[in-house]
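Worksheet: the structure to be examined is printed underneath.
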Amino acid sequence: MTFTLTPPASFSLPAVVRSHGWIQMSPFSETPDHGLSYIIRLNTGKVLRFEVHAIGDTLRVDSTELLLEPEQTELSRHITWMLDLEQDFTEFYALARDEPKLARMVERKAGRVLRSPTLFEDVVRTLLTTNTLWKHTLRMCRELTSRYGDPLPCEPELYAFPTPENLARVDEPTLREGCRMGYRAPYVTELSQRVTSGELDLEILKTSQLTTLELRNELMTIKGVGGYAAANLLMLLGRYDYVPVDSWALKVVSNEFFNGEKVTPKQVLETFVRWGKWQGLAYWFWDWSPEL
DNA sequence: GGTAGACCTGGACGC
DNA sequence: GCGTCCAGGTCTACC
């Protein structure tokens, strides 16, 4: 079935889809027209694949399954969140236009960051990005999804991302060996159990009134979430006060601002501090010079 | 508050 | 084929 959504004026579907590496991780994929494809499990337990295509000024959503009205409402809510349709970037764009290294992202209507439907899923994905190579992150995510996600009825070889309940049931050694997640396995197990038991409500953080610092502290109570992961998750929550400093950040900032000299995480943070509450976005969408 | 070492996986490299 | 080294963030213990 098909329905439509109306995006804000300054919106580009390809810009969101390609905003970062999530699109390469299962069950995300990019459609040939640079739209979004994703396999989701709704609250009713229904598993479906949906595609979002930009058609003129609207977004067309195609679903592999027929949806009841509450299911369509739920799916619309998820897509609105995933594509960050409600965020207003007017203030940031006004600042970014005067910075040659950000002017291009304004032209491309970039700034929105692709999200998973749930924060639980984004935390798990982020845990899988830490202390490993991107290739291995993709493998771990693929294994996790295909082993513990619910299958798509019309293409049972494809799966939705596993729910907290699914992952809470998997014992840690199985997760460790099956998905070759190493020491990350107990982090994912503990997170899944905390969410399933109700001890940790991640979804409430999406609309939290906490300050960014308080939100950061809350995220860092999750085992395996340190400074980089918390900053990354804050970006996904629409808070851009922190720059996620990883090895790539150290490299590009060194190349761009320090003539290739080795830099510390503190120097990376100082480089973008002038962007205030937008510093994470300025870093993320900076038009980095090619390495010499 | 800062630092060192351990945690894992898998690819590159030398023998 | 085997052993060693390395990259990638976070945690814990220690100072």
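Since the model is a prediction, treat every value here as computed from it, not as a measurement. A note on names: the letters A, B, ... follow the listed sequences, proteins ahead of strands, and every chain is numbered from 1.
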A:Q87: partners by side chain to side chain donor-acceptor pair (under 3.5 Å), with sequence neighbours left out
A:Y240

Going 5' to 3' through nucleotides 9-14 of chain B, assign each nucleotide B (protein heavy atom under 4.0 Å from a base atom), S (under 4.0 Å only from sugar-phosphate atoms) or - (no protein heavy atom that close).
SSS---

Set of residues satisfying side chain to side chain donor-acceptor pair (under 3.5 Å) with respect to A:S76, sequence neighbours excluded:
none

Quick one: ring pair (Phe, Tyr, Trp, His ring centres under 6.0 Å) partners of A:F50, sequence neighbours excluded?
A:Y38

Atom pairs under 3.5 Å, N or O on each side, protein against nucleotides 11-15 of chain C: can you list them with distances?
from	atom 1	to	atom 2	distance (Å)
C:dC11	OP1	A:G224	N	2.6
C:dC11	OP1	A:V225	N	3.4

Counterpart residues, side chain to side chain contact (heavy atoms under 4.5 Å, CB included), relative to A:R194 (two or more places apart):
A:E190, A:E199, A:L200, A:T221, A:I222

Okay, side chain of A:S19, backbone of A:L114: is any donor-acceptor separation there less than 3.5 Å?
yes

For residues 80-89 of chain A, the salt bridge (charged side-chain N to carboxylate O under 4.0 Å, His left out) pairs (sequence neighbours left out) are A:D84-A:R115

Apply side chain to side chain contact (heavy atoms under 4.5 Å, CB included) to A:D246 and list each qualifying residue two or more places apart in sequence or on a separate chain.
A:Y228, A:W248, A:A249, A:Y283

How bent is the helix from B:dG1-C:dC15 to B:dC15-C:dG1, comparing axes over its five end pairs at each side, to the nearest 10°?
40°

Side chain to side chain donor-acceptor pair (under 3.5 Å) partners of A:R216, counting only residues at least two apart:
none

Could you list the protein-to-nucleotides 3-5 of chain B atom pairs, N/O on both sides, closer than 3.5 Å?
none

Expected list for residues 232-245 of chain A near DNA chain B, using heavy atoms below 4.0 Å, is none

